[in-house]
K.L.:
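Attaching a single structure in structure tokens format; questions to follow.
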Number of protein chains: 2
Amino acid sequence: MIQALPSLVLPGVSVEALRARCSSCSMHQLCLPMGLDTADMERLDQIIGRRRKVPRGATLFRIGDPFASLYAIRLGHFKTFQVNPDGAEQITGFQMSGELLGMDAISTDRHHCNSIALEDSEVCEIPFGSLQQLLVDMPTLLRHFHRMMSQEITREQSVMLLLGNMQATQRFAAFLVNLSSRYEARGYSATTFQLRMTREEIGNYLGLTIESVSRLLSKFKKEGMLRVSNREIELLNPAMLKAITAGTRTCG
Amino acid sequence: MIQALPSLVLPGVSVEALRARCSSCSMHQLCLPMGLDTADMERLDQIIGRRRKVPRGATLFRIGDPFASLYAIRLGHFKTFQVNPDGAEQITGFQMSGELLGMDAISTDRHHCNSIALEDSEVCEIPFGSLQQLLVDMPTLLRHFHRMMSQEITREQSVMLLLGNMQATQRFAAFLVNLSSRYEARGYSATTFQLRMTREEIGNYLGLTIESVSRLLSKFKKEGMLRVSNREIELLNPAMLKAITAGTRTCG
DNA sequence: CGATGGGTTGAGTTAAGTCAAATTTCGTGG
DNA sequence: CCACGAAATTTGACTTAACTCAACCCATCG
């Protein structure tokens with residue numbers, strides 16, 4: 001057992017990088033292993049098939065694919081979208097590190113949406129059969145898994161509120177505020193971040209056209225609420241954006 | 001143990017009505033006990049706190065209420081809705097018998113939406129703590145519970161597609177087709193049913209005004225696709241409605 | 001350095017919203 | 001059972017937020 005693994009001798013490549021583990025993953029306080037003790041985290045690690053790289057633009061799964069695994073995002077960003085019979089697409093979410101993909105597939109053992117990487121990304125493949133066995137043994141994991149599914153339900157309800165009730169300005173403010181808080185939760189700046197999606201994708205998600213998104217960006221910029229340069233965003237007045245999101249402020 | 005319960009001697013009131021059971025409930029093939037054998041169904045029955053009556057217009061739970069139980073609808077209809085800080089409401093779903101309410105509350109132990117009965121209804125109160133214990137012992141129940149949560153995620157994604165991408169006509173057709181298939185799954189007519197919600201509630205759910213809903217009803221009626229009389233609906237051309245839903249047919 | 005895909009801006013259009021008025025339905029008490 | 005008021009619904013006329021279409025800009029990259 002003292003014998004070094006071959007990879008250990010390769011310069012510049014640590015074992016950790018090749019065989020990543022939940023315990024060393026910066027996302028473990030947000031992701032599935034949240035709250036697990038070391039032993040349990042180790043067991044979860046065991047069942048994770050592999051850490052898969054998904055290059056920008058590549059498909060992680062598509063509608064109709066048989067369901068085998070959930071995917072935890074280690075790194076990067078994804079979008080999920082639905083497709084109407086007439087071909088119209090609707091982006092149902094943008095996911096980032098620590099979030100779980102594929103939960104919609106549990107109901108019928110087939111995926112119900114497409115998932116594509118917005119940038120070069122990495123996911124942990126969690127075979128659902130194995131996970132189910134662990135759930136029975138690990139109440140903490142079971143509880144957190146349920147929380148994550150429930151959270152997804154809640155998130156989607158908020159989007160329904162956004163799409164069904166909000167004005168374009170309010171939708172866009174809500175979108176920015178949401179991104180901001182998620183980056184903050186991951187230890188990144190709440191005010192400065194890169195948009196990983198195109199204007200078209202933002203528009204699609206928000207039920208707006210690309211032109212409307214562009215105009216909203218210009219409007220917010222003109223009103224001094226943010227700085228924009230291509231995909232780089234800086235929120236200059238987060239409080240105002242939150243007020244607009246809440247509908248308590250109409251915006252100039 | 002031979003001694004009759006007091007209620008047994010009341011004329012016209014059966015024990016079954018007072019102490020309903022999953023095994024005798026017409027919804028058990030759609031509801032949480034789906035697929036359970038007799039013994040397991042009995043165990044599930046044991047934990048169900050009570051069958052609660054919820055009169056029309058009454059609140060089952062509201063945003064912020066501490067989460068204690070899920071509710072399976074035995075009978076009747078409910079709506080769930082979100083509320084924006086500015087007071088705007090968005091109906092996120094209409095639920096009917098055999099469906100589960102409250103899953104959004106698991107994530108934070110607080111309810112995230114309001115739930116109100118659309119007519120005099122009855123629910124089975126399923127204390128979540130007890131349910132969690134059962135889940136560990138009963139793999140079939142665990143699996144079906146996950147399916148139900150996943151189904152809710154999928155359902156909400158469809159609504160996002162509807163709200164984000166569809167035209168008013170398409171939304172309304174989708175709404176009718178959806179109700180139709182759910183009644184069919186419950187053994188009711190797929191073509192003739194009562195709307196349990198007001199036009200205003202339909203409009204709110206679909207992101208339309210009450211006037212638009214009224215106009216759409218009139219339009220569909222004029223085009224011979226349905227008969228309407230107050231809340232009574234008869235679908236005369238379900239195939240056409242499905243085609244409109246799919247976006248493959250634009251409607252006259 | 002020209003092609004390409006993303007993004008911006010302006011002008012005109014339209015689907016759905018708002019406002020208003022008429023009509024029907026429903027619940028309640030006489 | 002009927003009358004009445006309140007609530008829900010329908011319909012029409014007009015308005016508007018967001019869309020479409022079109023031109024243009026700009027960053028990137030082979």
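Everything numeric here is computed off the predicted structure, so don't read it as measured data. Here is the naming used below: chain letters follow the sequence lines, and residue numbers restart at 1 for every chain.
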K.L.:
Is atom NZ of A/K79 surrounded by more than 12 heavy atoms (other residues, nucleotides or ligands) closer than 6.0 Å?
P.N.:
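Correct, the count exceeds 12.
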K.L.:
For the pair made of CD1 in A/I210 and P in D/dC19, what is the distance, rounded to whole Å?
P.N.:
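Computing the A/I210:CD1 to D/dC19:P distance gives 12 Å.
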K.L.:
Please state how far atom CD in B/E119 lies from atom P in C/dG27, giving the value in whole angstrom units.
P.N.:
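Distance, rounded to whole Å: 13 Å.
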K.L.:
Between atom CZ in B/R231 and atom P in C/dT25, what is the gap in whole Å?
P.N.:
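So the CZ-P distance, B/R231 to C/dT25, works out to 13 Å.
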K.L.:
For the aromatic rings, using the six-membered ring if either is Trp, is the centroid distance between B/F94 and B/F78 under 6.0 Å?
P.N.:
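Judged by ring-centre distance (under 6.0 Å), B/F94 and B/F78 do not meet the cut-off.
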K.L.:
A/T80 and A/T92: side-chain hydrogen bond (donor to acceptor under 3.5 Å, both in side chains), yes or no, with the steps?
P.N.:
CA-CA 6 Å; A/T80 48; A/T92 51; 3.1 Å; yes
K.L.:
Without decimals, in angstroms, what is the distance between B/K219 NZ and D/dG12 C1'?
P.N.:
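It works out to 17 Å between those atoms.
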K.L.:
Should the ring pair A/F61 and A/Y71 be called parallel, tilted or perpendicular, given that the plane angle runs from 0 to 90° and is split at 30 and 60?
P.N.:
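If you compare the ring of A/F61 with that of A/Y71, the planes turn out parallel.
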K.L.:
Check A/R182 with A/E99, please: is the shortest side-chain N to carboxylate O separation under 4.0 Å?
P.N.:
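Looking at A/E99 and A/R182, the cut-off is met.
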K.L.:
Among A/H77, A/Q194, A/R56, which residue meets the side-chain hydrogen bond (donor to acceptor under 3.5 Å, both in side chains) test with A/E119?
P.N.:
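For A/E119, the side-chain hydrogen bond (donor to acceptor under 3.5 Å, both in side chains) test succeeds with only one of A/H77, A/Q194, A/R56, which is A/H77.
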K.L.:
Sub-3.5 Å donor-acceptor pair from the side chain of A/S180 to the main-chain atoms of A/A190, do we have one?
P.N.:
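A pair under 3.5 Å: yes.
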K.L.:
Could you tell me how far apart B/N165 (CG) and D/dA18 (C1') are, to the nearest whole angstrom?
P.N.:
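Checked: the CG to C1' distance equals 15 Å.
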K.L.:
Between B/S229 and A/S218, who's closer to the 5' end of DNA chain C by nearest nucleotide?
P.N.:
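Counting from the 5' end, the first nearest nucleotide belongs to A/S218.
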K.L.:
Using atom CD of B/Q194 as one end and atom P of C/dC26 as the other, report the distance to the nearest whole Å.
P.N.:
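The answer, rounded to whole Å, is 10 Å.
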K.L.:
What is the distance from atom CG of B/L235 to atom CE of B/M225, rounded to the nearest 0.5 Å?
P.N.:
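The CE atom of B/M225 is 10.0 Å from CG of B/L235, to the nearest 0.5 Å.
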K.L.:
Could you go step by step and tell me if B/E122 and B/R51 meet the salt bridge (Lys or Arg N to Asp or Glu O under 4.0 Å) rule?
P.N.:
CA-CA 7 Å; B/E122 281 180 45; B/R51 269 72 180 186; over 6 Å; no
K.L.:
Mind listing the residues from residues 78-86 of chain A sitting with a heavy atom below 4.0 Å of DNA chain C? Number order is fine.
P.N.:
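Going residue by residue through residues 78-86 of chain A, none turns out to have a heavy atom under 4.0 Å of DNA chain C.
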K.L.:
Which angle, rounded to 10°, do you find between the first-five-pair axis and the last-five-pair axis of the helix from C/dC1-D/dG30 to C/dG30-D/dC1?
P.N.:
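Helix axis angle between the two ends: 40°.
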K.L.:
Ignoring hydrogens and geometry, is there a side-chain-to-backbone donor-acceptor pair from B/D86 to A/T248 under 3.5 Å?
P.N.:
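No, B/D86 side chain to A/T248 backbone: no donor-acceptor pair under 3.5 Å.
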K.L.:
In whole angstroms, how far is the C1' atom of D/dT9 from the CD atom of B/E232?
P.N.:
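That distance rounds to 17 Å.
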K.L.:
Walk along nucleotides 14-22 of chain C from 5' to 3' and tag each nucleotide B, S or - by protein heavy-atom contact under 4.0 Å, base first, then sugar-phosphate.
P.N.:
-SSSBB---
K.L.:
Measure from CG on B/L217 to C1' on D/dT11 and round the result to the nearest Å.
P.N.:
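Going from B/L217 (CG) to D/dT11 (C1'), I get 13 Å.
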K.L.:
If you look at every strand shown and take non-hydrogen atoms under 4.0 Å, does A/S214 touch a base, only sugar-phosphate, or nothing?
P.N.:
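If one applies the 4.0 Å heavy-atom cut-off, A/S214 turns out to touch a base.
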K.L.:
Given A/Q90 and A/Q82, is the side-chain hydrogen bond (donor to acceptor under 3.5 Å, both in side chains) satisfied, shown in steps?
P.N.:
CA-CA 5 Å; A/Q90 171 68 36; A/Q82 295 257 283; over 6 Å; no
